[in-house]
A.B. asks: 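I am attaching a structure below and will ask some questions about it afterwards.
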Amino acid sequence: MKKLVLVAAAFVAAVAVYVGVTLPPRPIRLSAPTDGTIPGIIHVHTNRSDGLSGPDDIAAAAAKAGLKFLVFTDHGDATRKPDPPQYRSGVLCLDGVEISTNGGHYVAIDMPASPYPLGGEARDVVEDVRRLGGFGVAAHPDSPKPQLRWTEWNAPFDGVEMVNPDTGWRLWAQEANGPASPWPARRMLLSALVDYPFRPSAVMTSLVRPSGVTEQWDAVTRRRRVVSIAGLDAHAKLAPRSADAGDSRYALPLPGYEPSFQVLSIHVKPDRPFSGDAMADARVLMRAIRSGHLYTAIDGAATPASFEFTATNEHGTVNEGDQLGVGGPVTLRVHSNAPPQFTTIVWANGSILSADHHEQDFSVEAGPEPAVYWAEIRATSVPHLERLSWVRSNPIYVRTADPWPEIPSLAAATVSVPIFTATADGWRAEHDPTSLAAVESVPMVGGAELRFRYGLAGGTPSGQVAALACDTPQGLAAYSRLTFSIRAEHPMRISVQLRAGDDQGASARDRWKRTVYVDMTAQDHTFAFDDFTPVGKTHNEKPLMEGIRSILFVVDATNTKMGDSGRIWLRRAVLER
Ligand SMILES: [Zn+2]
Ligand SMILES: [Zn+2]
């Protein structure tokens, strides 16, 4: 018995020494902020999806951490009507959604429910969120988990998560299990586990990693405005490495919401103070977020942050997120309450313009040419966080206009062969055994239309599909694109598909697709075949045109609710080159 007590005492002493050596420091306490910003967090999961608690408990935790707003983003397809903005425990709560696409997760906020499920290709989800008036954020673009990672850098997303603590611990976990020197990462995770009960938010902060996508982000800012933001991705659960998002069976109730809320925050500068009216304040908040009037701060390193970044030239002075016309030399000013041991860096067009600043207030002169500027303050003196941006600004764009989007002009067709004339000859309906579909030609003012009627079977998605099909026995090698005019009874997204024939050997029945938004107004579309992408696994990344035997207009579970029915009208369908 005595021996046991001795062993236990030795163990406790060993743990105490270990904790004493490895425990990350508490955040540096700073003077009160003077920048007029409001701290809050986007990308929080509740128990509506894979989070641990309900909105009230989470808001109470946020209030304790000093936050003023929260944006919930439970996993979903955006068809659920979001809760209206509401104050809970004095915290303004907005309700958004995190949508899974083929190109990663997309956080959509400030929009109504979608009339159909959003999903499928990332560029299409970005387009849908934009049409619905939402603000969309490319989530965790540097996640080591391919299903989560945002990869569609050419899509016109509104914002991007440059920091996401969930990515940080996943990276450590990946390295700890990886073949290349896993021990530093294993030691890091072990320390985190042992130290967590003693200083949870400092431990979580120590796992945050510098952004892995600064280069890609930088390239986007050169083309257009994009909001740099952080997602907390708080679940209050730690799921094992192999588990899917939403799989909670083996999850630990760690880290809690409250310590998570002390790791980082976004600081938004509203154009007028909050009034206490949730609807009005949500509009003020979203206006500032959409304008990029915000910076990210790692509160776990030093708190509370105060930071201002402005640019001045002959046109005047603008704040971070803003655009300034080209006009003479530019003066960039940074004003913060950074501890003197931290380092401020000002960037211009992806290169350091000026570094090694330890002053809290300084200016940097730059030339008159167009440029994208941003500033960061690194937590240089904090162990594990030396390379991390304690504060990360939004860009200031000095230029006359966004060079993007360039809308490519469409060359006139030299070959043009209609595949629909007046009759439904050559067209047919396809459907799974439980669903219904029919096609006929109907006379209309100004010419006949093909009318396609479908009814997908209800219940859980199990291969329900309806398609309007046209056979192309000669293949499509003579053509490069399809032009068509289409409308539907209600807003929907359908998929135009090219299918290889049964005679095509290994690639028999391979399909490629491009989806299209359709509503009550007839719209003309031209789809280039080399813009099509594989449906599932195909033998070739791009469609093999000589082997294509059918063109299909497909209604399926990707963007249609099960049990949905409706009508689609095709007026014109022309193969072109
Ligand atoms: Zn996600
Ligand atoms: Zn998430």
Side-chain angles (χ1 to χ4, degrees), residues 40-55 58 61-62 69-78 80 82 93-111 117-122 125-126 129 134-153 155 157-171 173-174 204 207-209 211-213 229-248 251-257 259-261 263-266 289 296:
I41 277 168
I42 71 160
H43 199 161
V44 176
H45 294 274
T46 77
N47 55 12
R48 215 167 211 162
S49 62
D50 55 352
L52 187 70
S53 310
I58 298 171
F69 69 87
L70 277 183
V71 181
F72 301 123
T73 54
D74 280 305
H75 299 281
D77 61 12
R80 177 177 68 79
C93 295
L94 274 64
D95 189 20
V97 59
E98 182 172 16
I99 304 159
S100 298
T101 82
N102 297 345
H105 287 178
Y106 199 52
V107 163
I109 53 184
D110 199 23
M111 69 176 194
L118 303 191
E121 272 194 78
V125 174
V126 170
V129 167
F135 176 79
V137 179
H140 33 68
D142 47 4
S143 174
K145 216 177 166 203
Q147 307 93 291
L148 310 184
R149 180 170 54 222
W150 184 263
T151 52
E152 199 53 73
W153 286 93
F157 50 81
D158 305 297
V160 56
E161 283 180 1
M162 297 306 289
V163 188
N164 183 309
D166 189 62
T167 294
W169 84 259
R170 281 182 196 276
L171 278 169
Q174 189 189 50
M204 290 174 58
L207 296 175
V208 178
R209 306 280 284 253
S211 177
V213 290
I229 202 164
L232 186 64
D233 214 354
H235 298 78
K237 271 189 214 171
L238 203 54
R241 190 172 46 90
S242 56
D244 286 328
D247 181 352
S248 303
L252 298 167
L254 291 175
Y257 284 104
S260 300
F261 291 155
V263 172
L264 63 78
S265 51
I266 60 169
I289 290 179
T296 300

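Numbers for residues simply follow the sequence, beginning at 1. None of the values given here were measured: they were computed from a predicted structure. First listed ligand is number 1; within each ligand, the first listed atom is number 1.
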A.B. asks: Is there a donor-acceptor pair closer than 3.5 Å between any side-chain N or O of R149 and the backbone N or O of G104?
C.D. replies: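 The answer is no, because no donor-acceptor pair under 3.5 Å joins these two groups.
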A.B. asks: Checking only N/O/S atoms, does H105 have one that is under 2.8 Å from the Zn ion (ligand 1)?
C.D. replies: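 Within the cut-off used here (under 2.8 Å), H105 does place an N, O or S atom near the Zn ion (ligand 1).
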A.B. asks: Return yes when at least one N/O/S atom of H140 is nearer than 2.8 Å to the Zn ion (ligand 1), and no when none is.
C.D. replies: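 Short answer: yes, at least one N, O or S atom is under the cut-off.
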A.B. asks: I'd like to know if the side chain of D110 reaches the main chain of F135, judged simply by a donor and an acceptor atom lying under 3.5 Å from each other, with no hydrogens or angles considered.
C.D. replies: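 Answer holds: no.
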A.B. asks: Using atom types as modelled and distance alone, determine if a side-chain donor or acceptor of Y257 lies under 3.5 Å from a backbone N or O of L52.
C.D. replies: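 At least one qualifying donor-acceptor pair exists.
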A.B. asks: Would you call R170-D233 a salt bridge at under 4.0 Å N-O?
C.D. replies: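 Salt bridge flag = no for D233 with R170.
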A.B. asks: Restricting to N, O or S atoms of D233, which is nearest to the Zn ion (ligand 2)?
C.D. replies: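 Of the nitrogen, oxygen and sulfur atoms in D233, the Zn ion (ligand 2) lies nearest to OD1.
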A.B. asks: With respect to the Zn ion (ligand 2), what is the nearest N, O or S atom of E98?
C.D. replies: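 Looking at E98, the N, O or S atom with the least distance to the Zn ion (ligand 2) is OE1.
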